[in-house]
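Take a look at the structure set out below.
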Amino acid sequence: MTALRRHRKLTAIWASEPGWKGWTSSVNHSDLGRMFLVTAFFFFLVGGILAMLIRAQLATPHSAFVDAGAFAQFFTMHGTIMMFLFAIPTFEGLAIYLLPKMLGTRDLAFPRLTAYGYWCYAFGGSMLLIALVLGIAPDGGWFMYPPLTGPLHSPGINTDFWLIGITFVEISAICAAVELTVSILKYRAPGMSLDKMPIFAWYALVTALMILTGFPPLILGSVLLEVERAFGWPFFQADLGGDSLLWQHLFWLFGHPEVYIIFLPAAGVISTIIPVMARTTLLGYGWIVASAVALAFLSFGLWVHHMFTTGIPLMGLAFFSAASTLVAVPTGVQVFAWIGTLWKGRPELHLPMLHILGFFFTFVIGGLTGVMVAVVPFDWQTHDTAFITAHLHYVLFGGFVFPILAGIYYWLPLFTGRKRFFRLGEMAFGLIFVGFHGTFLAMHWVGLMGQRRRIETYDAETGWGVINLISSISSFVMAIGLAMVLVDVLIHAFVAVRGGRNPWKAGTLEWASMSPPPAYNFASLPHVVSRDPFHADPGLPNRLAKGEGYLGGPKANRRETLTVDIATGRPDFMVIYPGNTRLPIVMAAVTGLFFLSILLKLFWLTPLALAGVAALALVWVWRLGAQVDAGPQDAGRGAILPLAGETTKSPGWWGSVFLLAANGTFFGSLLFGYAFLWTVAPGWPPAEWLTPSLAELGIGIAAALSAALAMRFAIRSNCRSARPMTALVAAFGATVIAILTFAMLLSRVPPPDGHAYAATLCVLCAYALAHALLVSLMLSFVIARVLRGYTSAARAAELHIVSLWTDYLAVITILSLLAAHLPGMLA
Amino acid sequence: MGVTCSLLIGCSGALSVVDPAGPAARTISTLWWVMLAGAAAILGMVLVLLGAAFRAKEIGDADETAGIKVWIVGLGLVFSMSVLAALTVYGLHVGHRLMPRAGADVVAVSAEARQWNWRFAYDNRPGHTTDGVLHIPAGRPVDVAITSLDVVHSFWVPRLAGKLDAIPGHVNTLRIEADMPGSYQGLSAEYNGPGYRMHVFTVKAHDAEAWDAFVSGAEQ
Amino acid sequence: MRDILRLLLPPLVWLASFSAIYGLHGVGCALRWPEISHQEVSLFRFALLSAWFAAILMQVALLFALHRDRFKAGSAFMQWTSLATGWVGLVAVLWTLYPVAVITACGAYG
């Protein structure tokens, strides 16, 4: 087969539908990565326009451009859009687009999930956009502190848009995180052991793991606040045993890691670009990996530094102050490693490098002011002033926007296959750089002079007028620069001349694909022996195109790739992907219906929407699998591999593991909230505890444990080629008993609108009940699959996946039943 | 440092953190100048190192081990950890000094915030409250017990001390002190709804005589 | 997966002990434990210090375990990186929790 015939055959198998229809049915990572990026930059534009409005209002004292109410919507939406609808989705888009190419494979682990995540993001973001257009946007500040955002002080629908829209968008972040984690760990070119991974993949892996553990506390907080607003359950009301500080803890448990979730991918871009621009290799690869891991963990121990003024005793603050200075060490290691890399090589001042220099200057200042506000007494003065606004923009613009602009200009030739010919980008960089520092450098000073953030205007006597005017004018200079980047990119994408492959002479695999890359990325998969495979073998692209790698012989209508052992990179099993489908967009729409029903208080619709999601999910999984054993497959180059469905640890198993990690963090945050209210909130103990019942406790725990045990028996008997029906039915029965136990428990809890104790307990029980229902649904599914012949001794993957969920159910059942009954027993 | 300050852009202002009028604000102001000097030095160093990377140079056999020793171990670990350790200890020391402690001359008052008003009460004059104006004696430490009736607010008198939040259901205590008699502007410093900007108050520091008059109720 | 877990374990243990000691401190201050003392020694301070030493010991034990053949990583790279994060765990536990030894537990009005 010639390279051209192979290309045609693979394109026929992998291509999306032509035209706009393709957007709705594509599950291809390149399509969806681009859609993520375009949508994210659309939101960057919206957030930027809001910033312009804010600066226009603050340019002069006593400005009457907008009133306090509109101004509150502007600053709330500016922060919300930039954080949730621009920064995180930009990372997702970049990682979704690039990673399979960098890792030398053909797509991500769960293509339909990529699409579902994108549509959740698009629909959730649209909800917020509609609120903005209608003038009913959230207005409590992007961190939404109750009681200001509670039902008593913000009765309008504004806050609900935030809580519901953002939770909807976060589904996409969790989907992307699960997807990226599994993809980086398993979906790599053979031979690519962990130490040969491109550094960007390490950063993306760490970031994805952080999203899995960082976002659940915020999702929980949003759920609790929305329940308080909709049904009056007083989680955050001090007079009914709640505490507004609980929100602050949950929010910043997410909010601080969020900063590093934004910075780390950018650091990955920097670590990728600097060695290429300096014609050398990255200094201290291992050190950088260890620093990224250290940064990720330390960032989870910083959340209270956003709460230094809430009256927490000094020793508590001291822990977080110390952790906040310590986190600067791995950051410093990376910054110096990058400078050392530049020293090691011979850096060239191409456009991406200019933005990297912009990053260095800006981010180092942001880091230094960050260390300052980590010092508790200084934060007491600067907290909630313009100094903080300035600091956070230095960190986020320096640590994210500059690197991303560098990344865009670096990978643009790959995206488009074209060559830049105007020098617009250099001029744009100059305007952005000067404009940015003009806007924010002086803002530090005006903060020290006492200007609070979020005030809509100020008096002339304050003396802040000149600084604010400089700031506002500079911000418009920066805006012009960013607009020029947009024009530059559009020109590049549509009218520039064709360019050659690999213009920067980089060594990573994405450049060994075509520019722009075809839908299947690689005609055959490389065998990787070094960290820069393209440098090691400059003839690689041709050899891959000729089918000399793995999976070089396309089979009729099968989208094939293979996975590897995590540590060593030995080929593990072969994967056949599902093709184009509109299932993801439909499922995202029905998910949206669920969120809309809560937003508009159409509660009759809620169960219907949920049932719709469940039904679609069943269709989703039913379409996978086979009714006959396919046996070992020839993957080329002598690798004989089983199919994913004929292994015990299939992609679905790995996905479940990481989804459960996120889920477990959610549950852990809920238990934390319960313990926090109990010990810190005023108005405890409540008037009445739940009457403890040893019988209920015993039956519930026994049922959940039996289900987990029965699932193990099912796997064992399936292994012996027996149909595991008895054990599966037993597991199902035990799960039904668990459902009944929690339903019973829920009916006995004191009224949840009377005290935060009962409200929290209700949420805990509802969480466990929902999981028991979910597991019963999964068991029914597996029983149906067994009856239809979708399982065999070899095709056992689904049993192993369900077993993970029954185990998880057992753990949460025991913990939530103990949490429900113990307080009453102890009292 | 006052000289640098006036040369640059001017530090004085009714709400200026760097124009302190009490011991707590002064300590923090000093902390700021020390940190600014340190930060400027570090920024200068990083920029010089960065610029020097672009000088024309021979690339020999790039020695990874030596590079790691200098850049990562030397600058990344040893240098940053020593600077940060010193700063952490200094910062906590300052924080410790600013904590409210029992003492014979301490005056206790309380501040109750709501949208959008501050009401102050005085242990030395039970039953008396003032709205929007807090009376304190000059030259004596004052402990303000801060709480809120509705949403989260924050009590902040920039020239006297740092801020502390007013949180419903909790009482937080902040130590403030004014060196001299006079008026000091106070602010609510946590966004609390449309009246946020105008949610301000005044601290009136009295000399001993005027304070005695206030406490005895004779000043009206 | 074991390689990834080995890499993440020491900082994870740090995070757990950090949160646990912060929680212990919060609970202690809320329940006014500093007022309980035995022969001039505050039991609360003693509890905090013991928890800190236990956390340090755990990190040291992890570092030792990483040197043992049984727990070593498959490749030199992963072994080196695991040791690096092992040291991160130890330094973090010393650095972030040293306030238990030097700061007043809850303040005069705790």
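Per chain, numbering begins at 1; letters A, B, ... match sequence-line order.
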Need one label for [X]: side chain, backbone, both or neither, based on atoms under 4.5 Å from any heavy atom in chain B.
X        : result
A:Phe387 : side chain
A:Val466 : neither
A:Trp338 : neither
A:Val375 : side chain
A:His383 : both
A:Leu282 : backbone
A:Thr385 : side chain
A:Asp243 : side chain
A:Gln451 : neither
A:Thr310 : both

Largest heavy-atom contact set with chain A, pairs under 4.5 Å, which of [options]:
options                              : result
B:Pro194, B:Ala166, B:Ala189         : B:Ala189
B:Thr27, B:Ile28, B:Thr88            : B:Ile28
B:Ala39, B:Gly195, B:Ser80, B:Gly193 : B:Ala39
B:Gly13, B:Ala52, B:Ser154           : B:Ala52
B:Gly67, B:Ala40, B:Gly38, B:Ala25   : B:Gly67
B:Gly95, B:Ala14, B:Ala53, B:Gly169  : B:Ala53

Chain A contact via [X] - side chain, backbone, both or neither, heavy atoms under 4.5 Å:
X        : result
B:Leu164 : both
B:Ala161 : backbone
B:Leu98  : side chain
B:Arg97  : neither
B:Leu50  : both
B:Val73  : side chain
B:Asp165 : both
B:Ala24  : neither
B:Gln115 : side chain
B:Ile167 : side chain

What is the distance from atom [atom1] of [X] to atom [atom2] of [Y], rounded to the nearest 0.5 Å?
X        : Y        : atom1 : atom2 : result
A:Phe336 : B:Leu49  : CZ    : CG    : 6.5 Å
A:Leu314 : B:Met99  : CG    : CE    : 5.5 Å
B:Met35  : A:Thr369 : CE    : OG1   : 10.0 Å

When you compare the side chain of [Y] with that of [X], does any pair of heavy atoms fall below 4.5 Å?
X        : Y        : result
A:Pro147 : B:Asp150 : no
B:Phe54  : A:Leu357 : yes
A:Asp459 : B:Arg197 : yes
B:Leu47  : A:Phe360 : no

Parallel, tilted or perpendicular: which one describes the rings of B:Trp32 and A:Trp445, with boundaries at 30° and 60°?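 Answer is tilted, since the angle falls between 30° and 60°.
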May I ask you to name which of [options] has the most heavy-atom pairs under 4.5 Å with chain B?
options                                : value
A:Ile339, A:Leu245, A:Thr462           : A:Ile339
A:Leu448, A:Thr325, A:Val680, A:Leu342 : A:Leu448
A:Gln248, A:Met372, A:Met307, A:Glu461 : A:Met372

Where is the tightest heavy-atom contact between [X] and [Y], given as atom of each residue plus distance?
X        : Y        : value
B:His170 : A:Pro682 : NE2-CD, 4.1 Å
B:Leu92  : A:Ala318 : CD2-CB, 3.6 Å
A:Pro377 : B:Leu31  : CB-CD2, 4.1 Å
A:Arg452 : B:Val200 : NH2-CG1, 4.2 Å
A:Pro146 : B:Val152 : O-CG2, 3.9 Å
A:Leu283 : B:Ile72  : O-CD1, 4.1 Å

Between A:Gln381 and B:Pro158 (side chain of the first, backbone of the second, donor and acceptor by atom type, cut-off under 3.5 Å), is there such a pair?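 Answer holds: yes.
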Lys/Arg N to Asp/Glu carboxylate O, B:Glu64 vs A:Lys344, below 4.0 Å: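 Between A:Lys344 and B:Glu64 there is a salt bridge, with a charged N closer than 4.0 Å to a carboxylate O.
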Between A:Tyr145 and B:Tyr191, is the gap from one ring center to the other below 6.0 Å?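 Here the rings of B:Tyr191 and A:Tyr145 have centres that are no less than 6.0 Å from each other.
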Pair B:Trp71, A:Trp343 - check ring pair (Phe, Tyr, Trp, His ring centres under 6.0 Å), show working. CA-CA 10 Å; B:Trp71 292 100; A:Trp343 274 56; 5.1 Å; yes
